[in-house]
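Just follow the structure's listing: the first ligand is 1, and inside any ligand the first atom is 1. These numbers come from a predicted model, not from an experiment. Excluded from the calculations below are hydrogen atoms, water molecules and symmetry mates; all remaining heavy atoms, backbone and side chain alike, are included.
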Amino acid sequence: MTVLLTISSLIVHFAVLAQGTSNDSKDWQKAFKKADAFVSQLNLTEKIGMITGTLSLATSGCIGNILPVERLDFQGLCLLDGPQAMNRADLVSIFPSGLTAAATWDKDLIYQRGKALGEEFRGKGGHVLLGPVAGPLGRHALGGRNWEGFSPDPYLTGRAMEGTIQGIQSVGVQACAKHYIGNEQETQRSNSFASDGTEIDAISSNIDDRTLHELYLWPFADSVKAGVASFMCSYNRVNQTYACENEVILKDILRDELGFQGYVMSDWFATHSGAKSINAGLDLNMPGVIDASSFITGASYWGANITKYLADGTVSQKRIDDMIQKIMAPYYLLGQDSADFPSVDPSLLFTLAATSGFSLPNVGIPSRDVQGNHAILIRQMASEGTVLLKNTNSALPLKSPKSIGVFGNDVADPTDGLTYGDAYEIGTIDIGGGSGTGRHVYLVSPLEAVRTQARKTGARLQYIIHNEILAANNFVGLYPTPEVCLVFLGTFASEGWDRTEYEADWNSTLVVENVAKRCPNTIVITHSAGLNTLPWADNENVTAIIAAHLPGQESGNSIVDILWGNVNPSAKLPYSIPVNETDYDIPIVNLTDAEVTSPDAWQADFTEGQFIDYRHLDANDIDPRYEFGFGLSYTTFKLQSQLKVEKVVKQLTARPTKTKVSTPGGNAKLWETVLKVRSKVTNTGSIAGATVPQLYVSFPQSGTPVGTPLQVLRGFEKVFLEPGESEDVVFELQRRDVSFWDVKSQDWVIPKGSFGFRVGFSSRDIKSTKNVTLRS
Ligand SMILES: *[C@@H]1O[C@H](CO)[C@@H](O)[C@H](O)[C@H]1NC(C)=O
Ligand SMILES: *[C@@H]1O[C@H](CO)[C@@H](O)[C@H](O)[C@H]1NC(C)=O
Ligand SMILES: *[C@@H]1O[C@H](CO)[C@@H](O)[C@H](O)[C@H]1NC(C)=O
Ligand SMILES: *[C@@H]1O[C@H](CO)[C@@H](O)[C@H](O)[C@H]1NC(C)=O
Ligand SMILES: *[C@@H]1O[C@H](CO)[C@@H](O)[C@H](O)[C@H]1NC(C)=O
Ligand SMILES: *[C@@H]1O[C@H](CO)[C@@H](O)[C@H](O)[C@H]1NC(C)=O
Ligand SMILES: *[C@@H]1O[C@H](CO)[C@@H](O)[C@H](O)[C@H]1NC(C)=O
Ligand SMILES: *[C@@H]1O[C@H](CO)[C@@H](O)[C@H](O)[C@H]1NC(C)=O
Ligand SMILES: *[C@@H]1O[C@H](CO)[C@@H](O)[C@H](O)[C@H]1NC(C)=O
C-alpha cells in the first residue's frame, strides 16, 4: 500500500542551536544511558506505543508519530517527509532536489542545504526528517525516485549523504538514511493483490555480496559513519525476503558490520510480519496503528499484538527494551529533550488535509514561516548545479540580445496549481512528485525571470508555450525570428511509478527540431527528474544545451543567472548521458498479468554486478554523448600534468586490523587515511569560475576477482579560482577506497598489483595518471 499524501506549512526564524552531529561512540554511550533510564520507567502499553507508530490524521499533521508519554514529560516524536522540502506543509522552501545537489559536486553547499532543510524541520517541530536518499542509487536511468537521491556513483552519493546528514543533524534534527536497500525500481516495489485476491509479493532485488558492498551499501556505510540517527528499510524484498524482515541486511550488515547505533523504521506499510520483523532487527513500525478517523486504512502487525508475542515467547522483553533504547538514543544525542525544541506546528494538520483532499474545517491557524533567507542558498545552489553540456562558438553567456524567443511547456507557470501531483502539460518542473514533493509558497518560472531580464535590457520577448503547437510545426505566432531561441523541456517523475521514455516529455524532439529549423541560435534547457537522451544534440542550429534538472523554487532566477553569465557554470553530470538508450539500458522488470504465474514472480537479478553507468560504458568501450563528471564553463582550466601519490601508511596490510565495531561506521581502521594524491589546478581563462578536479582509481585487474570496474571515482574537490589563479588539490584516500570486498574472508582487502591514480575534469577527460603498488 502506498501513501502519497501531500502537505505543507511554517515559523519565524529560530536561533540555530549548534547541537552538533555525532558519530562519536562516547556521545552515543551517554545518550544510551539516558535512553535506558527512560525505558525503565515505561509500562507495557507505553512500550508498545514507542515501537509502533500511530497515525491519527484527525489530531496530528505529522506523517509518522510516536505518541507522547505525558507522565514522563516525553512529548512524542513527529516524523515528516522529505528530502528536498518539508512535504504537505505551508510556508516552507522548495530546495534543489538531490540530483541537482549532486550536480554541484560541492560538499559545502550540500552541507548548507542539509542544514537549511534541518532548520525548517526544527522550526515546525519536526524531530525526524525522512531523508536523505541513497536507495535508489540509480541502477535504472528511468527509476521514478532517482531525483530524490544523488547519483548512480556510490562515492559521490556517499559524500552527499554525509554532508546532508551532518547538515540536518547540526541543528538537532534527526536524519533518516533511506530506502535500505535495493529499492531500485518503483514498479511492483510493494506487494499487490491479483484479481482473484492472491497476494503477489514485491519485487525481489537479488544482489550478490560484493556488488552490495561496493555499490549499493557504500553510501549507506558513509551515512552510518556520519552519525545518522535512523534508517528506513525499503518496500522491496532482498534475496526473496522483505527488506524490513531481512536479518542479513538489518542485523549482520547494518549492526554487526557497520556498527549502526540508531533505529531502523519501516517504510510506510513495508512491515509484513510481527515477531519475524521484530526479531530480524526492525525497531519501529510505521505508520503503525491507524486511527479510525484517518482517511487511509491499513493493518499493523505490531501494536496490541505484541502482548501476544511476549506472552507466547516469540518476542522477548529484552528485545522490546532494546528497540526503545535505539529509538530514544538519537533523541537525547541531538538534544531533542531540551525545553527549547519547538512544538509541532498545529497548522500541519490543515495543510496535510488540504494536500490530501480530506475535509477539515479551516480554522485559520496561521502557519509558522520557516523559510528564513533560504531562497538565497536555493538560487545559488541551483545555478551551481546547472550543467552546461554544449556551447558552440560561445553562444553563452548571452550578449544582450535585443530579440529573444522562449518556447516549450516547461517555461511557463504551472497551470494546475503549485502542488505537483502528476505529470501535467503546461508548467515548469522544479521538483518531482510523491512523498518527496512539496507545497510551493512561490515558484519563479523561467518565463517570469526571462521576461524580467528582457525588460531590464530593453529586449523584445516572444513566446510559444504549447508543445502541441510546436510539435505540429505551427509558428504563425512568431515574427521576426529572434536572435536567440530558448527551448525549455520538462521531464517529470514521481514516487510510485517509473519513467518509460528516455527523451524529455511531450514530443520534445519535434519541439527542438521545429524551433531549430527556423532559429540558427537555439539553446535547449532541460528540467528533468533524471537522464534524457538528446537525439538533437548534433543539430547544427542547437548552439547550447543545459541540463538544469530539478532546481527548486528559484528556478527561473537560477537559469537567468547562467544564461546571462551572472554565474559561471561549474556543475558536472552526476551520471552519463548515452548516445542511444540501448547503450545503457538495464530494463525495469515489468511483468504483465499473464506473466505473474506465482506470488514470487517478480525477480530482479542484478547480474550486471557493479557495471552500471560509467562502469558499464567503460567496460564495453561505449562512447557516451556526455560522460559522467562532464560539464563546461565560461572559462578554461588546466591541471598539472604530474601527480604526487604519497603513502601516509607505509606498510599496508591486506586487511584492516580488527577493532570493535561499536563505533558508527564499523571497523575504524577502514576509515583511516592511507594515501594522499596531490595535483594543482589553474584558471587559464579570463573570468572567475569554479571547476571540479576528480580522482579516479583503477584497481589492478590481476589482483582482484572478476567484476572489477576499470575505474571508480574516489575523490573530488570543487575549486573556485580567479583568472590566472592556481590551487593545490589534495585527495585523501581511506583504506576502504583502495580495497575490494572479499566475499570469502568477508572483509575489505587491498589487492596486490599496480593501482592507477587518474586525475581529470571528467571520467573521460583524464589529465594526469600515476601508477603505484600499495602491497607487494
Ligand atoms: C565522524 O565523521 C567525520 C566525517 O565522516 C570524520 O571526519 C570523523 O573522524 C568521525 N569521527 C569519529 C569519532 O568517527
Ligand atoms: C501505563 O501508563 C499509562 C499512562 O501513561 C496508563 O494509561 C496505562 O493504563 C498504563 N498501562 C499499564 C499496563 O499499566
Ligand atoms: C543474496 O544472495 C547472493 C547470492 O547467493 C549472496 O551473494 C548475497 O550475500 C545475498 N545477500 C543477502 C543480503 O542475503
Ligand atoms: C495484529 O496483526 C494482524 C495481522 O496479523 C493485524 O491485522 C492486526 O491489525 C494487528 N493488530 C493490531 C492491534 O495491530
Ligand atoms: C509497466 O507496464 C504497465 C502496464 O503495461 C505500464 O503502464 C507501465 O508504464 C510500465 N512501466 C514501465 C516502467 O515500463
Ligand atoms: C506529439 O505530436 C503528435 C503529432 O503532432 C501528436 O499527435 C501527439 O499527441 C503529441 N504527443 C504529445 C505527448 O504531445
Ligand atoms: C538551421 O538554420 C538555417 C537557417 O535558419 C536553416 O536553413 C537550416 O535548415 C537549419 N538547420 C536545421 C537542421 O534545422
Ligand atoms: C539506437 O539503437 C537501436 C539498436 O541499435 C537502433 O535501432 C536505433 O535506431 C538507435 N537510435 C538512435 C536514436 O540512434
Ligand atoms: C596502471 O595500473 C592500471 C590498473 O592496474 C593498469 O591497468 C595499467 O596498465 C597500469 N599502467 C602502467 C603504465 O603500469
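- Of all atoms in ligand 3, numbered sequentially from 1 with element shown, those under 4.0 Å from a heavy atom of I249 are 13 (C).
- The side-chain hydrogen bond (donor to acceptor under 3.5 Å, both in side chains) test applied to K178 returns no partner, not counting sequence neighbours.
- Contact annotation: for I207 versus ligand 3, heavy atoms closer than 4.0 Å belong to the backbone alone.
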**Message:** Quick one, D600 with R237, criterion salt bridge (Lys or Arg N to Asp or Glu O under 4.0 Å). Give me CA distance, side-chain angles, the key distance, then yes/no.
**Reply:** CA-CA 10 Å; D600 202 32; R237 295 180 292 158; 2.6 Å; yes

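- Taking a 6.0 Å sphere around CG of D593, one finds it holds 12 or fewer heavy atoms contributed by other residues, nucleotides or ligands.
- Evaluated for a ring-ring contact (aromatic ring centres under 6.0 Å, His included) with Y575, the options H140, H549, H616 yield exactly one hit, H549.
- A salt bridge links D747 to K658: at least one charged side-chain nitrogen sits closer than 4.0 Å to a carboxylate oxygen.
- A salt bridge links D322 and K326; the closest N-O separation between the charged side-chain nitrogens and carboxylate oxygens is under 4.0 Å.
- Among residues two or more places apart in sequence or in another chain, the ring-ring contact (aromatic ring centres under 6.0 Å, His included) test is passed with Y301 by none.
- Residue-level proximity to ligand 2 for N43 is carried by the side chain, the only part with a heavy atom below 4.0 angstrom.
- The heavy-atom pair separating S205 from N236 by the smallest distance is OG-ND2, 3.8 Å.
- Between N246 and ligand 3, no pair of N/O atoms sits closer than 3.5 Å.
- Sorted by chain and number, the residues within 4.0 Å of ligand 5 by heavy atom are T187, D498, R499, T500, N590.
- Both the backbone and the side chain of D209 come within 4.0 Å of ligand 3, judged by heavy-atom distances.
- Within the structure, ring-ring contact (aromatic ring centres under 6.0 Å, His included) pairs that include any residue of residues 205-224 comprise Y180-F220, H213-W741, Y216-F606, W218-W748, F220-F231 (at least two apart or interchain).
- Counting atoms of ligand 2 from 1 in the listed order, those under 4.0 Å from a heavy atom of E46 are 1 (C), 2 (O), 3 (C), 4 (C), 5 (O).
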